[in-house]
Amino acid sequence: MADSAEAHTHRGAEPAYLARLNPEQRRAVETLDGPVLVLAGAGTGKTRVLTARFAHILLSGRAWPGQVLAVTFTNKAAREMAARVAAILDRPAEGLWLGTFHALCARMLRRHAEAVGLKPNFTILDTDDQERLLKQVMEAAGIDHRRWPVRAMMAIIQRFKDRGLTPGRVTPAEDSDFAGGRSVEIYHAYQQRLLAVNAADFGDLLLSMTELLRTQPEVLAEYHRKFRFILVDEYQDTNLVQYLWLRLLAQGSKNICCVGDDDQSIYSWRGAEIENILRFEKDFPGAAIIRLERNYRSTAPILAAASHLIANNEGRLGKTLRPAAAASEGEKLQVISLWDSDEEARTVGARIEQLRREGESLAEMAVLVRAGFQTRAFEERLIAIGIPYRVVGGAKFYERQEIRDAMAYMRVLQQPADDLAFERIINLPRRGIGDTTLRSFHAHARAHAVPLYAAAEALQPAQKGRVREALGELLRNFARWRDQIARDGHVATTAAMLDESGYTEMWKNDKSPEAPGRLENLRELVRALADFDSLGGFLDHVALVMENDEAAEGERVSLMTLHAAKGLEFDTVFLPGWEEGLFPNQRALDEGGARALEEERRLAYVGLTRARRRAIVSSAANRRIYANWQASIPSRFIDELPESEISRIGADSARRQHAAPAPGWFVPGQRPGRLIEAGSDRQGAWEVAPRPARAEALGVGDRVFHQKFGYGRVMLVDGEKVDVRFEKAGEKKLLDRFLDKA
DNA sequence: AGGTTAGTAATTTTT
DNA sequence: TTACTAACCT
């Protein structure tokens with residue numbers, strides 16, 4: 001508030017949003033004319049620059065809010081930018097073209113839908129729908145799905161779209177040899193199907209819009225007139241079609257400002273091309289390049305370690321992070337060698353407990369892993385020792401079954417031609433309409449080139465018995481709901497639809513423990529519906545914007561993948577699993593070679609630079625993968641850390657572990673022996689810990705402790721099998737020898 | 001039509 | 001190990 005008051009009232013003095021910038025940041029904000037690339041290292045105030053620049057454009061009178069196009073990758077980033085711009089302006093910023101690539105393209109495409117063969121109410125398909133549609137296309141083309149998986153074809157199509165290639169633009173050189181060279185044919189058929197069901201997938205939003213700008217000069221000119229300034233966040237993550245889209249739009253004013261960090265490009269596997277940022281000067285002649293290297297986040301040792309590591313990469317524009325404050329002190333990085341993944345989880349858990357005892361906040365600690373499955377071991381350990389945690393980036397709200405079902409109902413209501421949605425709900429709840437019946441609808445739909453819904457209507461009278469009755473009722477209901485929506489509005493109608501269709505009833509009758517939660521989610525969905533003035537607006541929101549409903553707040557440790565951690569920061573960051581094969585990930589290396597290794601290294605860099613004060617890297621000598629144990633060696637990235645900035649813990653014993661054969665070496669499924677930890681007087685000795693037999697039997701009502709599940713109470717004893725109700729993990733049946741009396 | 005079983009595959013995933 | 005899917009049975 002004070003900021004903008006000053007911004008408006010100052011005489012001669014600078015507005016506060018400029019005054020608090022360092023010289024480089026300030027140049028990035030004030031260089032308004034022509035292309036600008038801001039190379040913003042981790043923690044150098046990237047968001048501050050972006051928002052100050054946005055506000056500066058408006059406050060200096062260079063453009064109205066509607067004349068600035070501001071693009072981000074995530075909804076979160078878009079929200080944050082909107083909020084911070086509004087804070088500088090001291091009023092909510094309205095009429096902004098600020099959003100994700102996808103949301104902005106969807107907004108544009110709705111206006112020009114007809115030009116690409118869609119109706120303005122087209123559906124935006126998520127990954128699941130895409131896959132089902134493509135599967136149908138491939139089945140129709142007679143492709144053996146066991147030899148040529150749908151997933152693989154999906155990836156190929158996505159890659160085409162990422163590169164701005166419509167089926168007609170795919171050249172033989174860019175084609176793949178999938179299904180005996182039939183990929184373009186399938187791609188083409190898939191696009192035809194999308195138009196037939198009046199739908200676009202995520203990739204289409206960008207591709208269709210770019211194609212439109214490429215081929216229709218008057219549409220392009222319209223946007224050139226409109227947008228005077230373009231701002232782009234996370235430019236290093238753009239793919240080719242996003243780049244083309246931006247370049248087309250920027251041809252108008254030339255005032256494009258891209259902010260990014262080539263060292264944090266970690267999405268090549270999703271089509272991102274780091275070359276876009278490396279090539280910026282060539283693409284936009286006369287571009288100003290501004291480097292932000294003053295880091296306001298981390299201590300000197302963390303910055304030194306991250307810089308030292310990333311210097312091993314070849315393909316980079318080159319920047320060096322410098323600590324902003326003179327604070328050269330700070331804890332060294334800890335590098336811990338451990339015996340196995342269980343010990344790693346225990347150690348991390350113990351460190352977290354210790355830090356908490358020392359007064360650190362759990363919300364300021366994060367465990368960052370390479371792959372999602374690694375979080376499980378830490379979750380189990382944290383449950384056992386009673387430390388609250390959250391897993392960031394798990395299942396999304398809208399990916400839940402009941403939400404997708406309910407949305408399918410809404411989609412059929414909104415757009416009866418949406419075959420995928422219709423297919424999903426035609427027999428949900430069970431109406432006795434099985435494969436055979438559905439197949440006949442499909443045949444009719446194909447033969448008459450009508451939507452499935454129309455086919456069902458046409459064939460309903462020809463059905464017999466229960467099917468005829470149930471289908472008749474469903475179709476009559478839809479007609480009625482469509483009628484009702486004009487009268488009662490979309491919220492009441494949707495609620496009525498979910499009840500009257502029998503969908504809610506289905507979950508009420510469901511005895512599974514998840515059912516009540518699903519009903520609650522459905523109620524939440526209807527509640528959320530009230531924030532929108534139409535069903536269509538809501539469906540777009542869910543497809544493009546809605547995110548995890550999990551509360552981010554609270555005193556909890558965060559567990560997530562390194563990818564999910566980009567853009568976040570914590571006082572303490574645990575980086576477990578730094579082992580060859582896991583990190584750098586072998587599979588990534590197999591697929592992408594040297595380039596992939598550099599991307600893995602960038603991922604390590606991202607991980608380290610998340611830490612403000614403390615980073616703890618660990619590696620385990622043995623890791624359980626599925627059922628059996630596998631030996632592993634510490635990651636090469638550990639060797640790339642500067643020895644002067646790290647303190648090694650257990651390194652000696654780790655070396656000995658690899659040198660000496662252990663007793664009972666790697667019997668699949670069996671616990672390996674364990675080396676006594678550093679600090680013990682028996683350090684270096686082998687301890688093979690057999691599970692001791694239970695001395696005393698457990699009784700009903702006993703309080704017990706389990707390594708994985710924590711504390712609980714015995715509910716039932718059946719020989720050596722015991723039912724326990726755990727305080728945190730629910731009821732489990734297990735063998736008594738895994739329990740300790742508490 | 002719907003439930004059961006055997007076989008198979010398991011990174012990262014802002015939209 | 002688990003989780004999911006495709007053939008298989010009732």
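By convention in this document, chain letters (A, B, ...) are assigned in the order of the sequence lines, proteins followed by strands, and residues within each chain are numbered from 1.
Straight-line distance between the P atoms of B:dT11 and C:dC4: roughly 13 Å, to the nearest whole Å.
Remark: side-chain polar atoms of A:R610 are paired, donor with acceptor, to backbone N or O of A:V606 under 3.5 angstrom. Between the side chain of A:D340 and the backbone N or O of A:A621, no donor-acceptor pair lies under 3.5 Å. With hydrogens and angles ignored, the 3.5 Å screen pairs no side-chain donor or acceptor of A:Q136 with any backbone N or O of A:L133.
Between A:I266 and A:R431, it is A:R431 whose nearest contact on DNA chain B lies nearer the 5' terminus. Projected onto DNA chain B by closest heavy-atom contact, A:L603 and A:R466 fall at different nucleotides, the more 5' of which corresponds to A:R466.
In this structure, the CE atom of A:M154 is 16 Å from the P atom of B:dT13, given to the nearest Å. Note: CD (A:E380) to P (C:dT1) measures 14 Å, nearest angstrom. At whole-Å resolution of the value, CE in A:M560 and P in B:dT14 are 13 Å apart.
Legend: salt bridge (Lys or Arg N to Asp or Glu O under 4.0 Å) pairs involving residues 590-599 of chain A, not counting sequence neighbours, sorted by first then second residue: A:E275-A:R595, A:R587-A:E591, A:E599-A:R602. Here salt bridge (Lys or Arg N to Asp or Glu O under 4.0 Å) pairs that include residues 424-437 of chain A, with residues two or more places apart or in two chains, are A:D405-A:R424.
Backbone-only engagement by A:G372 is indicated by non-hydrogen atom pairs under 4.0 Å involving sugar-phosphate atoms exclusively. Base engagement by A:R370 is indicated by at least one non-hydrogen atom pair under 4.0 Å involving a base atom.
An OP1 or OP2 oxygen of B:dG2 is reached within less than 4.0 angstrom by a side-chain nitrogen or oxygen of A:N427. Applying the 4.0 Å criterion to OP1 and OP2 of B:dA1, one finds that A:T436 has a side-chain N or O inside that range. A:T437 has a side-chain polar atom (N or O) that falls below the 4.0 Å cut-off from OP1 or OP2 of B:dA1. Proximity of A:R430 to the phosphate of B:dG3: a side-chain N or O atom is located under 4.0 Å from OP1 or OP2.
Nearest to the side-chain atoms of A:E600 among the listed nucleotides B:dT11, B:dG2, B:dT14 stands B:dT11. In the set B:dT12, B:dT15, B:dA1, the nucleotide with an atom closest to the side chain of A:N75 is B:dT15.
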Close N or O pairs between protein and nucleotides 4-7 of chain C (under 3.5 Å):
residue	atom	partner	partner atom	Å
C:dA6	OP2	A:K135	NZ	3.4

Could you list, one pair per line, each protein nitrogen or oxygen that sits under 3.5 Å from a nitrogen or oxygen of nucleotides 4-6 of chain B, together with the distance?
none

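The aromatic ring of A:W269 sits over the base of B:dT12, with ring centres less than 5.5 Å apart and planes inclined by under 30°.
In terms of polar N and O atoms assigned as donor or acceptor, the side chain of A:R270 comes within less than 3.5 Å of the base of B:dT15 in a complementary pairing.
Take A:T47 and apply the side-chain contact (heavy atoms from CB on, under 4.5 Å) test, not counting sequence neighbours, and it matches A:T51, A:E80, A:R84. Partners of A:R411 under the salt bridge (charged side-chain N to carboxylate O under 4.0 Å, His left out) rule, at least two apart in sequence or in another chain, are A:D129, A:D418.
By the 6.0 Å and 45° rule, A:R623 does not stack over the aromatic ring of A:W629.
A:D540 has a carboxylate O that lies under 4.0 Å from a charged side-chain N of A:R110, or vice versa, which qualifies the two as a salt bridge.
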